Amino acid sequence: MYNKIGNARHMADEINDLVDKKLPISVDFDATLCYPHFYPGILNENKPCFEVLKKWQKMGCMIILNTMRGGKELQDAVEWCKQRGFVFDAIGRNPTQDKWCSKEVYKCYSILDIDDRNAGCPLSGEDYDGRGWVNWEEIDKIYTPKITRLLKKG
């Protein structure tokens with residue numbers, strides 16, 4: 001049974017635990033930071049993704065790259081972001097969760113996961129197969145005020 005009071009209390013405890021650290025936000029790579037979806041290639045920067053992510057880092061967020069890319073493709077993606085002046089706080093995992101996760105099984109925990117495939121994620125454009133890419137202006141407008149409120153609760 002859904003318990004509004006219990007869930008509200010749980011969320012408040014969760015946020016208070018996180019605010020002592022950095023609020024974890026995970027982001028996908030393909031069609032999120034770059035567009036269109038062109039795996040394994042990388043085409044255009046999805047502006048203003050890095051401006052928003054840098055702002056969130058300065059506010060006190062941990063930005064985690066959470067992608068299905070691996071090996072050379074992952075290295076290429078990380079380097080591509082560095083060339084644009086952005087360095088992730090973590091890649092593929094939330095290091096604050098290490099005490100609960102083993103090296104064999106890992107869940108990338110975050111309070112917000114930005115991915116072109118997530119239901120409700122604001123999208124722009126349409127590429128060759130009808131897929132869009134993340135609209136960072138809308139993401140900023142929707143989530144920066146919420147992140148600001150969460151950080152003030154600590």
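Not measured: the values here are computed from a predicted model.
- With sequence neighbours excluded, the residues that form a side-chain hydrogen bond (donor to acceptor under 3.5 Å, both in side chains) with Asp113 are Ser26, Asn118.
- Atom CD1 of Ile147 and atom OH of Tyr143 lie 9.0 Å apart (nearest 0.5 Å).
- Inter-residue side-chain proximity for Pro24 and Leu112 is flagged as unmet; no heavy-atom pair is nearer than 4.5 Å.
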- Task: Check the pair Asp28 / Arg117 against salt bridge (charged side-chain N to carboxylate O under 4.0 Å, His left out), numbers first and verdict last.
- Result: CA-CA 9 Å; Asp28 182 35; Arg117 295 301 217 174; over 6 Å; no
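- With a 4.5 Å cut-off on side-chain heavy atoms, Ile114 and Ile139 count as touching.
- Rounding to the nearest 0.5 angstrom, the gap separating the NZ atom in Lys82 from the CZ atom in Phe88 is 10.5 Å.
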- Trp56/Thr144 under side chain to side chain donor-acceptor pair (under 3.5 Å): CA gap, chis, key distance, verdict: CA-CA 8 Å; Trp56 290 352; Thr144 297; 2.8 Å; yes
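- Summarising the hydrophobic clusters (Ile, Leu, Val, Met, Phe, Trp, Tyr; side-chain heavy atoms under 4.5 Å, direct or chained), the residues clustered with Met62 are Ile64.
- Separating the OH atom in Tyr35 from the OG atom in Ser124 is a distance of 9.5 Å, to the nearest 0.5 Å.
- Side-chain atoms of Pro36 and Asn44, non-hydrogen and from C-beta on, do get closer than 4.5 Å to each other.
- Counting only heavy atoms from C-beta outward, the side chains of Phe50 and Glu45 approach each other to under 4.5 Å.
- Transitive grouping of hydrophobic side chains (ILVMFWY, heavy atoms separated by less than 4.5 Å) keeps Met68 and Ile91 in distinct clusters.
- Under the 4.5 Å side-chain heavy-atom criterion for ILVMFWY residues, a single connected hydrophobic cluster contains both Trp136 and Ile142.
- Salt-bridge annotation for Asp30 and Arg69: present, with a side-chain N of the basic residue lying under 4.0 Å from a carboxylate O of the acidic one.
- Rounded to the nearest 0.5 angstrom, Phe29 CZ and Asn66 CG are separated by 13.5 Å.
- Here the CE atom belonging to Met59 is positioned 8.0 Å from the CD1 atom belonging to Ile25, to the nearest 0.5 angstrom.
- Among residues two or more places apart in sequence or in another chain, the side-chain hydrogen bond (donor to acceptor under 3.5 Å, both in side chains) test is passed with Lys141 by Glu138.
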